[in-house]
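Report on the structure given below.
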Amino acid sequence: MRKQSIVLASMALALGMTACSSDNTRNGPDVDAASAFPLEETIELEFFAQGNANAIKPFGEMQVFKDLQDKTNMTIQWTTATGPDFAEKKNLIFASGELPDAFYGTGVLSNNEVVQYGVEGLIIPLEDMIEEYAPNLHAFLEERPDIKALITAPNGHIYSLPHVNEFDPAAEASAAMFVNQDWLDQVGMDVPETTDELYEVLKAFKGADLNGNGQADEIPMSFRTRDSISGIEALTGAFGKLVTGTNRFYVEDGTVYFTPMEPEYKEYVSYVHKLYAEGLIDPEVFSQEGQVYDAKIRADERTVGVLFGWSRSVLWGQERENWDYVPIPALKGPEGHQLWPRQPGGTTVGSFAITNTNPYPELTMRWLDHVYEERTSVEHAFGPFGSHLYDTDDGKIGLHWPPEGTAEAAFRVQETPGPGAVYIIGDLIQRRPSQQEKRELVEMYAPFTPEEVYPRLMMDEEDVNRLAVLEPELFQENGYIDSQFTQWVMRGNIDAEWDAYVEQLKRMNIEEIVEIYQTNYDRLMESK
Amino acid sequence: MLKKILRSYELYLLMLPTLIYFAIFQYGPIYGVQIAFKQFTISRGITGSPWVGFEQFERFFSSYQFWNLLQNTLLISLYELALFPIPIILALLLNQLTSHRFRKLIQTVTYAPHFISVVVMVGMLYLFLSPSKGILNQILMLFGLDPVFFLAAPEWFKTVFVFSGVWQNAGFSMIIYIAALAGVSPDLHEAAVMDGASKARRIWHIDLPGIMPTVMILLILNIGQFMSIGFEKVYLMQNSVNITSSEIIQTYVYKAGLLNAQYSYSTAIGLFNSLISFVLLLSVNMIARKLNQTSLW
């Protein structure tokens, strides 16, 4: 009895202590939403963003944000998370209820999160504020109803603002495939044009000491998986239905297909298994991280024959005379299919959202609208004028080349989050040679890219919640699709297991998932 | 009763911090377990979310991974349990050493790996077991065997996981047994030597019964941990190749809860796991009490 009463008393104490810690409204100066910038009194806001592994400075010290602070007198306290920690930290933020004032950065919230948290009221609708407080963005959306349709949730609200990159080649480009020209010369073969020729080339590479170091360290082909830039998924095109990175839905004549359930995918897996079984594929493909893969490819002593990547400039530097790899065109498959993936455009929804705890939503909106101004946008994308940008004679903006010893990717994120920043860029920029190269690659693959690509659209709340239950086991890293692909590539036995696999997919409600994707696709097409 | 409490209030004061600790950190959070029976959404909070009964549990039991998860978790747990005697054997052997310095040396060498962090440990495993450069495969190749990519082979995963655990922790677990052995009366040994008992006999009839209570308590505690395999190490060792034998309940809960934000679902799975552990603990404790009067309570 005595024991019980003490326990009860302590529990009451504990509950009392937890109950009084949930009041999180902050005190700050009372500022009118329309007061002129820079504000008379400094106000502080907390933003959450995804960090960039290449960046050296924290966001707060980057020049572009310092400039914004001078213009507005608003100080941003940044919290960033990088890599695998990012999703975890973001979920913890929502679960704990300790929301920042805004979420910032390319795709910082997924489309599903935007709808889910928007409907729950954790992030607030912005459509009325855009008209009043974001003239730059408002003008852009008036001009581009297609983008406005993309960022509008099915219930008519705009919960998040976009990152728009229409400076080609980035908008729609995906992977490119390369082969070592020296090696081709040595074995006396041409650049492969069909999947069978690729197989022959890889076989020729196997076991020959092509880099001349006396060791059998040649890897005929290497790649990564779940990656739209260095992933092997681009090869699915040769078999008739595409997988693009982690997007496994393929659209043809308005019908949505789930590629990994189609017979074309079976052919593709069988082909990859054939290569693997004959030792033509790097044994580390399923375990190597991006940096390991890049280092392997960049090593001066070449060990990889065929590989996937963005462009030669990115992999080996600008100087064309140093390139010993040549691009492989979209391969023709055994049935004559010849497709190459493309991305669904340069608009990323969920790149900026204001939370319901933000004491100054209008001012936050006005702060953000600065980055949507044309020239500021370019600065946020590539770095400030002077050190990174210059005005060209024909009225465009030129990009400085990084100083000796600095990589292009690291140079870009010195004074800005670069690809992770929020901006709208179009054709104001003058192409650098490296971008010119990617442009050529994109043009080479363009005739073979599909007309329709499943867009990054927003689904309604019910569908989002249903997919949150159904999708993870299938699609997450090492989920059913991934592990089945890995096992088949390594062990084969695809013909025998295919029917059971399709059955399993159906048990996991793949038909319902496809239907959800189809309905939402149809709705977006109608709204255009 | 109040009088009694007042009379020895100092004792209760001493107890209070511990009670508060347990109330806040151990019992307080149990309040949140209710979301296992709810459809939790952040904006509605724990109390405001609607009840859904056993829906989350049903979803887990009908998941395609359910049997696989259960099997992996149980097999790894059983495997670890089967190797439970290793530190005992080590301690018994070490106890027989006469050279004091050599004994200290062995002790230090065997428990040193305990202090390596899990991340570093898994990194070392990847190096040691690498198919091309790893030391183990070098030895295999020396004997003309084919190298094995241990960390990418589902059939090797459990062995690598459990034995690297033994390597890391056997020395440290041994310390407690050595302490127990020090408590065995030397009189008994002297008497046995007088009677002409061999070393093996003395270990069997004196040392082992002497530390049996310690062994039983540790075994029961170990079974309480059954089903709660250290999540970090498994997660770090996972890749898409060995996933079929490396996905366990703990890693699945992490993915469902923290990566996919399925809070109710992951709570339900965690609760299911705890229930199994609880039942196991109760039954082993009961058996132990019946067999030799040693038990937790």
Side-chain angles (χ1 to χ4, degrees), chain A residues 1-3 5-15 17-18 22 84 87-92 94-97 99 112-113 116-117 119-122 217 225-226 283-287 356 465 468-469 471-474 476-480 482-487 489-490 504-505 507-508, chain B residues 1-2 4-5 12 15-32 39-45 55-56 59 62-65 126 130-132 149 151-154 235 238-244 246-247 251-252 254-265:
Chain A
M1 193 58 221
R2 184 176 55 195
K3 216 172 167 183
S5 56
I6 291 177
V7 169
L8 280 177
S10 333
M11 275 183 73
L13 190 75
L15 287 176
M17 284 173 88
T18 44
S22 54
E88 188 180 321
K89 209 163 183 178
K90 182 168 62 173
N91 283 335
L92 284 176
F94 279 110
S96 67
L99 292 177
N112 290 357
E113 285 167 339
Q116 193 188 339
Y117 297 136
V119 173
E120 286 185 21
L122 295 172
D217 56 355
T225 53
R226 293 180 73 86
E284 290 181 7
V285 286
F286 296 111
S287 52
N356 64 355
N465 287 334
V469 171
E471 281 193 332
E473 289 204 327
L474 279 164
Q476 73 187 358
E477 200 167 353
N478 298 339
Y480 187 62
D482 272 5
S483 64
Q484 200 63 42
F485 176 74
T486 310
Q487 280 175 39
V489 169
M490 294 183 77
Q504 179 63 43
L505 287 177
R507 269 201 297 280
M508 294 169 87
Chain B
M1 190 186 74
L2 200 66
K4 271 187 180 170
I5 294 181
Y12 285 100
M15 213 167 81
L16 198 61
T18 320
L19 273 180
I20 293 178
Y21 164 80
F22 270 96
I24 295 177
F25 294 105
Q26 308 290 333
Y27 284 90
I30 293 180
Y31 163 76
Q39 184 58 54
F40 176 71
T41 47
I42 291 154
S43 55
R44 293 199 194 102
E55 195 181 285
Q56 308 291 353
R59 181 178 153 202
S62 61
S63 158
Y64 89 101
Q65 279 181 307
Y126 269 95
S130 148
S132 49
F149 195 171
L151 285 164
Y235 188 68
Q238 261 177 10
N239 53 49
S240 67
V241 190
N242 67 22
I243 192 77
T244 45
S246 65
E247 189 83 299
T251 53
Y252 187 76
Y254 168 73
K255 287 174 191 171
L258 283 177
L259 298 184
N260 295 320
Q262 300 279 303
Y263 302 110
S264 285
Y265 183 48

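In what follows, every heavy atom counts, from backbone to side chain, and hydrogens, waters and symmetry copies are set aside. All chains are named by letter (A, B, ...) in the order of the sequence lines, taking the proteins before the strands, and each is independently numbered beginning at 1.
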* Looking at B/S62, B/A256, B/A152, B/S63, which has the largest count of heavy-atom pairs under 4.5 Å with chain A? -> B/S63
* To do: Return the option, out of B/N239, B/I42, B/T41, with the maximum number of heavy-atom pairs under 4.5 Å with chain A.
  => B/I42
* Any side-chain donor near an acceptor of the partner, A/N478 and B/Q238, under 3.5 Å -> no
* Closest approach of A/G479 to B/Y64 (non-hydrogen atoms, all atoms of both residues) -> C-OH, 4.2 Å
* Structure fact -> Correct closest heavy-atom pair for B/Y263 and A/A95 would be OH-CB, 3.5 Å
* To do: For the pair B/Y265 and A/V469, evaluate side chain to side chain contact (heavy atoms under 4.5 Å, CB included) and give the outcome as yes or no after the intermediate values.
  => CA-CA 9 Å; B/Y265 183 48; A/V469 171; over 6 Å; no
* To do: Enter the distance from A/E473:CD to B/K255:NZ here, rounded to the nearest 0.5 Å.
  => 10.5 Å
* To do: Measure the spacing between CD of A/Q484 and CD1 of B/I243 and express it to the nearest 0.5 Å.
  => 13.0 Å
Non-hydrogen atoms of chain B under 4.5 Å away: do they reach the side chain of [X], the backbone, both or neither?
X: A/Q487; result: side chain
X: A/F485; result: neither
X: A/Q504; result: side chain

* Asked: Any side-chain heavy atom of B/L259 sitting closer than 4.5 Å to one from A/Q476?
  -> no
* **Neighbour count above 12 (heavy atom, 6.0 Å) for B/Y21 OH** => no
Region of [X] in contact with chain A, defined by heavy-atom distances below 4.5 Å:
X: B/Y254; result: side chain
X: B/F22; result: neither
X: B/R44; result: neither

* To do: Using a cut-off of under 4.5 Å on heavy-atom pairs, state which of A/G121, A/A87, A/A468 scores highest against chain B.
  => A/A468
